[in-house]
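Every heavy atom of this structure was used, including side-chain atoms; hydrogens, water molecules and symmetry mates were not.
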Amino acid sequence: MSVQRMHIKEAIYNSKNVKQFRQISRDVTGEAFEPPSGSKIYLGTIRSQQSGPFGYSEQVIAAASFTPANKHENDPSKTKEAEYCHYLTFLFVKPRYQGNGYGSQFVDYLEQAMGLITIRPIRIQSAYKAIQFFEKKGYQCEGDVIEMACSGSPTFNRLCHMFKNK
């Protein structure tokens, strides 16, 4: 069985798209997460075979968001790092579609989108179970895994700060 190519598009930050984002995050983690204000939202879809006027419909199977680097900020010192680097804030692929390359395709697409804004390092706070995935994509752990005492979601109770230089 061949895997369908996922179509990725930037979505306007509005209530309809945030609702879709929250639903994907709930499907993946059991909890609804919202992309940070000011971030860019992307939705990944595949075509589902259904009867209808066009013979298919688009099904959202993944969602991601990132906060872009400030292309006017040229000081990479720690005090300005939040503005200097891109931050991949969330990446969710519905469980049924995981392991088929969709997450990898999404990361590649987002890295290209970030690069069109400005070439800067990319930072993430990865869930523990996703560390190996991001390492395969060239990201490196920075420091030890952090135990989150007050995390409401089991998915995010252990995090690792990761980065990738571009």
Problem set entry | Atom pair CD/OG of Glu10 and Ser65 - distance to nearest 0.5 Å | 11.5 Å

For this session: Apply the test ring-ring contact (aromatic ring centres under 6.0 Å, His included) to residues Phe90 and Phe33: give CA-CA distance (whole Å), side-chain angles for both, the deciding distance (0.1 Å), then the verdict.
Result: CA-CA 9 Å; Phe90 289 109; Phe33 290 92; 5.5 Å; yes

Exercise. For the residue pair Phe106 and Ala62, what are the closest heavy atoms and their distance?
Worked result: CE1-CB, 3.5 Å

Exercise. Run the salt bridge (charged side-chain N to carboxylate O under 4.0 Å, His left out) check on Glu111 and Lys137 step by step: do they pass?
Worked result: CA-CA 11 Å; Glu111 288 177 355; Lys137 299 301 295 173; over 6 Å; no

Exercise. How about Val93 and Val28: do any of their side-chain heavy atoms sit closer than 4.5 Å?
Worked result: no

Exercise. Does a side-chain heavy-atom distance below 4.5 Å link Ile131 with Cys141?
Worked result: yes

Exercise. Judged by atom type as modelled, is there a donor-acceptor pair below 3.5 Å linking the side chain of His7 to the main-chain atoms of Leu43?
Worked result: no

Exercise. Side-chain contact, heavy-atom cut-off 4.5 Å: Phe92 with Asp27?
Worked result: no

Exercise. Is it true that a side-chain atom of His86 and a backbone atom of Ala69 form a donor plus acceptor pair closer than 3.5 Å?
Worked result: yes

Problem set entry | Ion pair Glu73/Arg120, N-O distance below 4.0 Å | no

Exercise. Of the non-hydrogen atoms in Ala32 and Arg22, which two are nearest, and what is the gap between them?
Worked result: CB-NH2, 3.6 Å

Seminar exercise, completed: To the nearest 0.5 Å, atom CD1 of Ile8 lies from atom CG of Asp108 at 8.5 Å

Problem set entry | Heavy-atom check, side chain of Leu110 versus side chain of Lys40, under 4.5 Å | no

Seminar exercise, completed: CG (Leu88) and OG (Ser126) are apart, to the nearest 0.5 Å, by 9.0 Å

Exercise. Do the side chain of Ser104 and the main chain of Gly101 share a donor and acceptor less than 3.5 angstrom apart?
Worked result: no

For this session: For the pair Phe134 and Ile124, evaluate side chain to side chain contact (heavy atoms under 4.5 Å, CB included) and give the outcome as yes or no after the intermediate values.
Result: CA-CA 9 Å; Phe134 283 110; Ile124 59 174; 3.4 Å; yes

For this session: Using a 4.5 Å cut-off on heavy atoms from C-beta on, say whether the side chain of Val18 contacts that of Glu34.
Result: yes

Exercise. Taking side chain as C-beta onward, heavy atoms only, is Glu83 less than 4.5 Å from His72?
Worked result: no

Exercise. Taking the side chain from Asn100 and the backbone from Tyr97, do they hold a donor-acceptor pair closer than 3.5 Å?
Worked result: yes

Problem set entry | Gln23 vs Gln20 side-chain heavy atoms within contact, under 4.5 Å | no

Problem set entry | Close side-chain approach of Tyr84 and Arg123, heavy atoms under 4.5 Å | no

Problem set entry | Shortest non-hydrogen contact between Ala63 and Phe21, atoms and distance | CB-CD1, 3.6 Å

Problem set entry | Connected via hydrophobic side-chain network under 4.5 Å: Phe163 and Ile117 | no

Exercise. Could you state the interatomic distance from CZ (Arg47) to CZ (Arg5), rounded to the nearest 0.5 Å?
Worked result: 13.0 Å

For this session: Provide the closest heavy-atom pair for Ile61 versus Ile24 in the form atom of the first, atom of the second, distance.
Result: C-CD1, 4.2 Å

Exercise. Between Ile46 and Met6, what is the shortest heavy-atom contact and its length?
Worked result: CG2-CA, 4.1 Å

Exercise. Quick check: are there more than 12 heavy atoms from other residues, nucleotides or ligands sitting under 6.0 Å from CG of Leu116?
Worked result: yes

Exercise. How far does CD of Gln125 sit from OH of Tyr87, to the nearest 0.5 angstrom?
Worked result: 9.0 Å

Exercise. Do Tyr42 and Phe66 have their ring centres less than 6.0 Å from each other?
Worked result: yes

For this session: Could you tell me which non-hydrogen atom of Gly115 sits nearest to which non-hydrogen atom of Ile119, and how far apart they are?
Result: O-CD1, 3.6 Å

Seminar exercise, completed: To the nearest 0.5 Å, atom CZ of Arg26 lies from atom NZ of Lys19 at 9.5 Å

